[in-house]
Undergrad: 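First the structure, then my questions, so here it is.
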Amino acid sequence: MRQAITYESVSLVVAVASLVLSAVATLVAKSSLSQAKQVADRDQRDWRQRKWADMYLKADETYDALDRFHVLSDSWDTEERERECSDLMRLIRGAHAMAVVFPQNPAVGAFLSSTAVFKDEKTVSDDRLSKVFDAVDLIRQKALLPAAILE
């Protein structure tokens with residue numbers, strides 16, 4: 001006995017096939033969303049790491065300039081000292097401009113406070129250099145690369 005294919009049986013097969021395909025599409029979409037979140041999280045971590053590395057390089061450049069100024073300023077004539085002092089202040093202002101956009105953080109706060117007040121070139125003392133060095137080291141610790149990147 002042969003059964004005739006009816007409209008209802010075709011509709012049932014199409015509905016079941018649609019249900020199966022929509023379940024597969026849901027699983028694919030869920031997997032894609034999960035992968036997209038992982039990529040976004042990784043990219044955000046990488047971006048943060050780059051910003052800390054940029055801040056470290058700027059802070060280290062500031063420390064190096066302060067150290068150079070501290071060591072060599074006695075050997076410069078007045079005009080050269082003023083020019084070097086202006087260059088140093090410009091560098092410090094650039095480092096501060098970068099630092100102040102970071103969220104409040106002990107490392108950035110230490111850097112800002114250790115480089116904040118320079119009334120004259122005598123302000124670059126051994127104690128001041130030590131404070132700046134310590135602040136730069138705190139930023140360096142924030143900028144450290146995860147070991148997995150280097151493997």
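Values below: all heavy atoms of this structure, side chains included; hydrogens, waters and symmetry mates excluded.
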Undergrad: Between D127 and K131, is a side chain to side chain contact (heavy atoms under 4.5 Å, CB included) present by the stated rule, with each step listed?
TA: CA-CA 6 Å; D127 183 52; K131 288 178 181 176; 3.5 Å; yes
Undergrad: Taking the side chain from S114 and the backbone from A110, do they hold a donor-acceptor pair closer than 3.5 Å?
TA: yes
Undergrad: Please give me the minimum heavy-atom distance between V100 and A97, naming the atom from each residue.
TA: CG2-O, 3.5 Å
Undergrad: Applying a strict under-4.5 Å side-chain criterion to I, L, V, M, F, W and Y, I'd like to know whether Y56 and I92 cluster together.
TA: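 Same cluster.
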Undergrad: What closest approach, in Å, do R128 and T115 show between heavy atoms, and which atom pair accounts for it?
TA: NH1-N, 4.2 Å
Undergrad: Working to the nearest 0.5 Å, report the span between CG of L129 and CG of L66.
TA: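 With rounding to 0.5 Å, CG (L129) is 6.0 Å from CG (L66).
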Undergrad: Is D87 salt-bridged to R90, cutoff N-O under 4.0 Å?
TA: yes
Undergrad: Please name the pair of heavy atoms, one in V136 and one in Y63, separated by the smallest distance, quoted to 0.1 Å.
TA: CG2-CB, 4.1 Å
Undergrad: Holding to side chain to side chain contact (heavy atoms under 4.5 Å, CB included), I want the full list of residues that pass it with V39, two or more places apart in sequence or in another chain.
TA: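 Checked V39 against side chain to side chain contact (heavy atoms under 4.5 Å, CB included); matches are R42, D43.
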Undergrad: Please determine whether the number of non-hydrogen atoms from other residues, nucleotides or ligands lying under 6.0 Å from atom CZ of F102 exceeds 12.
TA: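 More than 12 heavy atoms, drawn from other residues, nucleotides or ligands, come within 6.0 Å of this atom.
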Undergrad: Between F69 and L72, is there a shared hydrophobic cluster once you connect ILVMFWY residues whose side-chain heavy atoms come closer than 4.5 Å?
TA: yes
Undergrad: Quick one, N105 and W52 - any side-chain contact, counting heavy atoms below 4.5 Å?
TA: yes
Undergrad: How many angstroms lie between atom CG of L12 and atom OG1 of T6, to the nearest 0.5 angstrom?
TA: 9.0 Å
Undergrad: Identify the heavy atoms of W76 and R81 that sit nearest to each other, and give their distance.
TA: O-NH2, 3.7 Å
Undergrad: Is it possible for you to say whether F133 and V71 belong to one hydrophobic cluster, with membership spreading through side-chain heavy-atom contacts below 4.5 Å?
TA: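 The answer is yes; both residues are in one hydrophobic cluster.
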Undergrad: Could you walk me through whether D126 and H70 pass the side chain to side chain contact (heavy atoms under 4.5 Å, CB included) test, one step at a time?
TA: CA-CA 8 Å; D126 290 337; H70 179 66; 2.7 Å; yes
Undergrad: Answer yes if V132 and L91 sit in the same cluster of Ile, Leu, Val, Met, Phe, Trp and Tyr residues linked by side chain heavy atoms under 4.5 Å apart, and no otherwise.
TA: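 V132 and L91: separate clusters.
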Undergrad: Enter the distance from D67:CG to T62:OG1 here, rounded to the nearest 0.5 Å.
TA: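 Nearest 0.5 Å value for the CG-OG1 distance: 12.5 Å.
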Undergrad: If I compare all heavy atoms of A107 with all of L138, which pair ends up nearest, and what's the gap?
TA: CB-CB, 3.6 Å
Undergrad: Just by distance, do the side chain of S18 and the backbone of V14 share a donor-acceptor pair under 3.5 Å?
TA: yes
Undergrad: Which heavy atom in M98 sits nearest to a heavy atom in V101, and how many Å separate them?
TA: O-CG2, 3.0 Å
Undergrad: Would a distance-only check, ignoring hydrogens and angles, find a side-chain to backbone donor-acceptor pair under 3.5 Å from Q49 to L144?
TA: yes
Undergrad: Go through the steps for D64 and R68 under the test side chain to side chain contact (heavy atoms under 4.5 Å, CB included), then give the verdict.
TA: CA-CA 6 Å; D64 290 344; R68 177 180 181 272; over 6 Å; no
Undergrad: Which salt bridge (charged side-chain N to carboxylate O under 4.0 Å, His left out) pairs, counting each pair once, include a residue from residues 44-57, with sequence neighbours left out?
TA: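 Every pair satisfying salt bridge (charged side-chain N to carboxylate O under 4.0 Å, His left out) with a residue in residues 44-57: K51-D54.
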Undergrad: Pair S9, V13 - check side chain to side chain contact (heavy atoms under 4.5 Å, CB included), show working.
TA: CA-CA 6 Å; S9 63; V13 169; 5.7 Å; no
Undergrad: Provide the full list of salt bridge (charged side-chain N to carboxylate O under 4.0 Å, His left out) pairs with a residue in residues 91-109, sequence neighbours left out, each pair given once.
TA: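 Salt bridge (charged side-chain N to carboxylate O under 4.0 Å, His left out) check on residues 91-109 returns no pairs.
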Undergrad: Atom NE2 of H96 and atom CZ of F111: how far apart are they, to the nearest 0.5 Å?
TA: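 The NE2 atom of H96 sits 5.0 Å away from the CZ atom of F111.
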